[in-house]
Structures are given as structure tokens and as C-alpha cells.
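Just follow the structure's listing: the first ligand is 1, and inside any ligand the first atom is 1. For the single chain, residues carry numbers from 1 onward in sequence order.
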Amino acid sequence: MEPRKVYLDHSATTPVAEEVLKAMIPYFTDAPGNPNSLHQWGQTARRAVDEARQNVASLIGAEPRDIIFTGNGSASDNLAIKGSAWADKKGRKHVITSAVEHHAVFDTFKWLGKNGYEVTVLPVDECGMVLPETLKKALRDDTLLVSVMHANNEVGTINPIEELGALCRERGALFHTDAVQTAGHIPIDVPKLPVDMLTMSAHKMYGPKGIGALYVRGGIKLVPLVHGGGQEYGIRSGTENTAGIVGFGAAAKLAARLREEGEEARVSALRDKLLDGIVGRIPNSFVTGHRTKRLPFHGSVCVKLIEGEGMLLRMDYAGIGVSSGSACTSGSLEPSHVLLAMGLDHATAHGSVRLTLGRGTSEEDIDYVLEKFPPIVELLRMMSPYKGGK
Ligand SMILES: *Cc1c(COP(=O)(O)O)cnc(C)c1O
């Protein structure tokens, strides 16, 4: 019998849904037109792009005109941050972000910091949340942009973007949020949110990799990062990734259907069972991130006295795909900046494990993980250099 395979890394990427793939296929083959061509092949592709733009816009309550398709979530973050910084007419040079951002935001701010901008990095609380009072203190008259993620990819905590955005409005600063983890998973309604720009990525919501979108509220000017044929309202040149865009549109429609079907409640109940099961079965383990203000599919824990990478590999042998919070760079293990910003010490942060569920995750999968995970931890602890130590 094939051993069970349980993929619990949906925050890293999701499988392309069958209906998404089906929608995409004709745009590789039967409908090969360039949406910028005037003939019938071009017009077929143009109509498909328009329809997809409508579907992606509807997902967040936006106008189609306010959606710019980009190469991926990282490209959307870069466009929002650099594009708005460079477009500022008042010559303002102060920008604000948080200590727990994805590298696509964090490293873009670091780059701005080396190129004439002054960057303030907001701290977070022990759940990884950006508190409005910290932003309030950091905002200045010369603050041009604030970027704080909607929900964190490592610990699942959802930020109070409504309050954060309102503070930016008061002080005349633009507000961008990276919603890659939330779009398609929890409701977002931009007409009701004080958000000027919002990043999405198809492959985190059952769409294909390599297609992103940036919502840009009408009237906001961005300097393009890619010049050329003037596609995407002149903001992002290059022949449209027609199949990818169609896939993104189909994924947005699927997200609306999953919402109606109650997928959010189903997956969060399984996630709670998983987290309660882990902390109940494994001594010296605890949940990281907020327990309730949290992405419905997202689980993350720290298991003390072990090292995440070793655990990840043993889980992989058991057919379970998870991720650890540390990235192995040149042989040295540097714990995640997110966990350190939340106040965890290095040794504890090394024991972080992220388990992110999806629409394919079943109760049997969770039972299987709860059966396999504790003995793996026990084995690793027996072998651990920390054994008997802290
Ligand atoms: C995955 C992710 C990104 C990057 O999106 P890509 O499409 O992979 O470039 C950005 N921000 C967050 C929060 C993410 O989880």
C-alpha cells in the first residue's frame, strides 16, 4: 500500500484546482492570441483577460480598473512600495513597515533605506501583531507610505488593517497591505477598508504560480518598474500572461464558492483539532501566533528542545509536508525574523513548525499527523544536543 501523503504547506503554495487548470488550458493552445492584437485571436484573449480582471476585482469588492496584473506577489509588493515612493510629488522620504513582513516587502524597504529613504520598522506583540498605537507614534508629517501585511505567513496572525489604515488616512500617508495569505481565504472588501494598495498572488489560493495582482485605489499614481508596451494601464508593461490571468480569475471564482460552502469553518475546525492535539500530546510545545485572530487554515507551533529542519525531514519521511521557521543558509541556521521579532529566543525559534491546511485536508490526515508527530519529536529529543539542557 502507498504510504499516506499529507501536504500541510499551503502557506508556501497550493495545488492548482482542477477547474482552474481546465479554464487555463485553452489559452495555451486553441486560443493563442496576444490580447493586444486586433484580430479575432487577440480579441478572444482580451475578453478572457477582462473577465478574469472582473472576477479578481469582485473577490475584494474592487473596480476592475483598479486591478493591475503582475508577475507574482513579490512583484506586486515591489510595485506598490517603490512605485508609490518614487511617485511622491511632495518629496517625502519617510516610510514605515513592520518587523514581520514577507521578504518581498521587508527587503524592498531595506533597499529604500539604502537609497535615500528613512525607514521605521514597527515592532510586534508576542503574537506577531502590529498594534495601532505603535503606528500612531511612528507616523510623521513626512511619512509617505506605510506597509503592514494583512496576515502573517509564518504564524498566521491577522493584523488590524482597518485601524492601521485609518491612522494612515488621518496623517495623509498611503497604506499598502500584503494580502497574499488572506485573499481568497477570508473576506476583504476594499470599499470599506482604508487601504490604498493591496497585494494578491494566485498560487496561494489554488491558482497557478507566476501571476500576481495589485489593487491600486483609483487616483493613486505609481511609477512603473517595467516600461514597455504600456499594458496594464501603463503600470506594468509586457504581454499579458493570458493563461495565468485566466487561472487567477477562475481561482477567485472558486474562492467565492468555497466561502459559500463554509470551507473556512471546516478547515479552521480541523486546524484547531491539530493544534490542540499537538500541544496536548507533545510536552514543551506551544502555539505561536494569535489563537483566534488567525488565518483559518494556518497552524504553527514551537516544539522546545528540537531543531525544526531535522523534524521537517523526518516528517517528510513519514509522508507529511510541513515547513520550519528557520532557513538553512550556508550551513548556519538563522531563525526566522518573525519569531525573533515576537520575542522568542534563538533556541526556541529553531523548534518552530508550520502546518498549513487546505481544501484537500481531511480529518484522517489530521489524525495521521497526530499519530506520527509526537514519536518523531521524542526521537529527536533523545538525539538532541539540548538534551538535559535548557
Ligand atoms: C507567498 C507570499 C508572497 C510572495 O508571493 P509570490 O507570488 O510567491 O511572489 C508575498 N507575501 C506573502 C505574505 C506571501 O505569503
Side-chain angles (χ1 to χ4, degrees), residues 7-16 20 56 59-60 67-83 97-111 122 124 128-130 147-159 161 164 176-186 188 195 197-215 225-226 236 238 241 243-245 247-248 251-252 255 288-290 293-300 321-325 327 336-339 341-342 352 354-358:
Y7 178 74
L8 290 185
D9 206 7
H10 290 80
S11 273
T13 195
T14 57
V16 171
V20 170
V56 172
L59 181 69
I60 58 166
I67 299 294
I68 310 282
F69 286 115
T70 67
N72 47 44
S74 304
S76 296
D77 285 337
N78 274 264
L79 174 60
I81 296 162
K82 293 176 194 160
T97 190
S98 87
V100 295
E101 296 299 313
H102 188 276
H103 282 291
V105 168
F106 202 70
D107 291 23
T108 305
F109 273 85
K110 265 204 278 190
W111 184 87
L122 301 174
V124 292
M129 190 180 288
V130 177
S147 181
V148 175
M149 70 203 315
H150 191 187
N152 184 268
N153 45 304
E154 288 186 38
V155 297
T157 299
I158 298 172
N159 276 313
I161 56 164
L164 298 170
H176 165 253
T177 191
D178 177 333
V180 171
Q181 290 290 330
T182 50
H185 298 283
I186 62 172
I188 298 175
V195 164
M197 294 173 284
L198 181 143
T199 292
M200 294 177 271
S201 179
H203 78 95
K204 304 286 176 83
M205 46 177 279
Y206 307 106
K209 293 165 186 64
I211 182 72
L214 181 67
Y215 159 77
L225 309 191
V226 183
R236 203 271 187 179
N241 173 2
I245 290 170
F248 203 164
T288 53
H290 204 284
K293 288 178 181 133
R294 183 177 191 105
L295 289 166
F297 59 87
H298 195 293
S300 57
V322 298
S323 75
S324 68
S336 129
H337 67 292
V338 173
L339 298 171
M342 287 161 59
S352 74
R354 181 180 74 177
L355 313 101
T356 45
L357 291 64

Participant: If every non-hydrogen atom of Gly212 is compared with every non-hydrogen atom of Phe248, which pair is closest and at what distance?
Facilitator: C-CE1, 3.7 Å
Participant: Are any of the N/O atoms on Gly73, whether in the backbone or the side chain, positioned under 3.5 angstrom from an N/O atom of ligand 1?
Facilitator: yes
Participant: Mind checking whether Lys209 contacts ligand 1 via backbone (N, CA, C, O), side chain (CB onward), both or neither, at a 4.0 Å heavy-atom cut-off?
Facilitator: neither
Participant: Any sub-3.5 Å donor-acceptor pair from Thr14's side-chain atoms to His10's backbone N or O?
Facilitator: no
Participant: Which atom pair, heavy atoms only, marks the closest approach of Glu101 to Ser147?
Facilitator: OE2-O, 3.8 Å
Participant: Taking all non-hydrogen atoms of both residues, which atom of Val180 and which atom of Ser201 are closest, and how far apart?
Facilitator: CG1-CB, 3.8 Å
Participant: State the atoms of ligand 1, each with its element, that fall below the 4.0 Å cut-off from a heavy-atom position in Asn72.
Facilitator: 6 (P), 7 (O), 9 (O)
Participant: Starting from atom 3 (C) of ligand 1, what is the nearest protein heavy atom, named by residue and atom, and what distance separates them?
Facilitator: His102 NE2, 3.5 Å
Participant: What's the shortest distance from atom 11 (N) of ligand 1 to any protein heavy atom, and which residue and atom give it?
Facilitator: Asp178 OD2, 2.6 Å
Participant: Side chains of His150 and Thr177: any donor to acceptor distance under 3.5 Å?
Facilitator: no
Participant: Only one of Arg236, His176, Met200 forms a side-chain contact (heavy atoms from CB on, under 4.5 Å) with Leu214, so which one is it?
Facilitator: His176
Participant: Hey, does Gln181 come in under 3.5 Å of ligand 1, counting only N/O atoms on both sides?
Facilitator: yes
Participant: If the cut-off is 4.0 Å to any non-hydrogen atom of Lys204, which atoms of ligand 1 fall inside it?
Facilitator: 1 (C), 2 (C), 3 (C), 14 (C), 15 (O)
Participant: Note the single closest protein heavy atom to atom 8 (O) of ligand 1, along with its residue, its atom name and the distance in Å.
Facilitator: His203 NE2, 2.8 Å
Participant: Only heavy atoms of Asn153, strictly under 4.0 Å: list the atoms of ligand 1 that pass.
Facilitator: 13 (C), 15 (O)
Participant: Can you confirm, on distance only, whether ligand 1 has an N/O atom lying under 3.5 Å from any N/O atom belonging to Ser74?
Facilitator: yes
Participant: Look at the side chain of Thr356 and the backbone N and O of His298, then say whether any donor-acceptor pair between them is shorter than 3.5 Å.
Facilitator: no
Participant: So if I count the atoms of ligand 1 from 1 in the order they appear, which ones are less than 4.0 Å from some heavy atom of Met149?
Facilitator: 13 (C)
Participant: For Asp178, run the side-chain contact (heavy atoms from CB on, under 4.5 Å) check against Thr97, Val148, Val105, Asn153 and tell me which one passes.
Facilitator: Val105
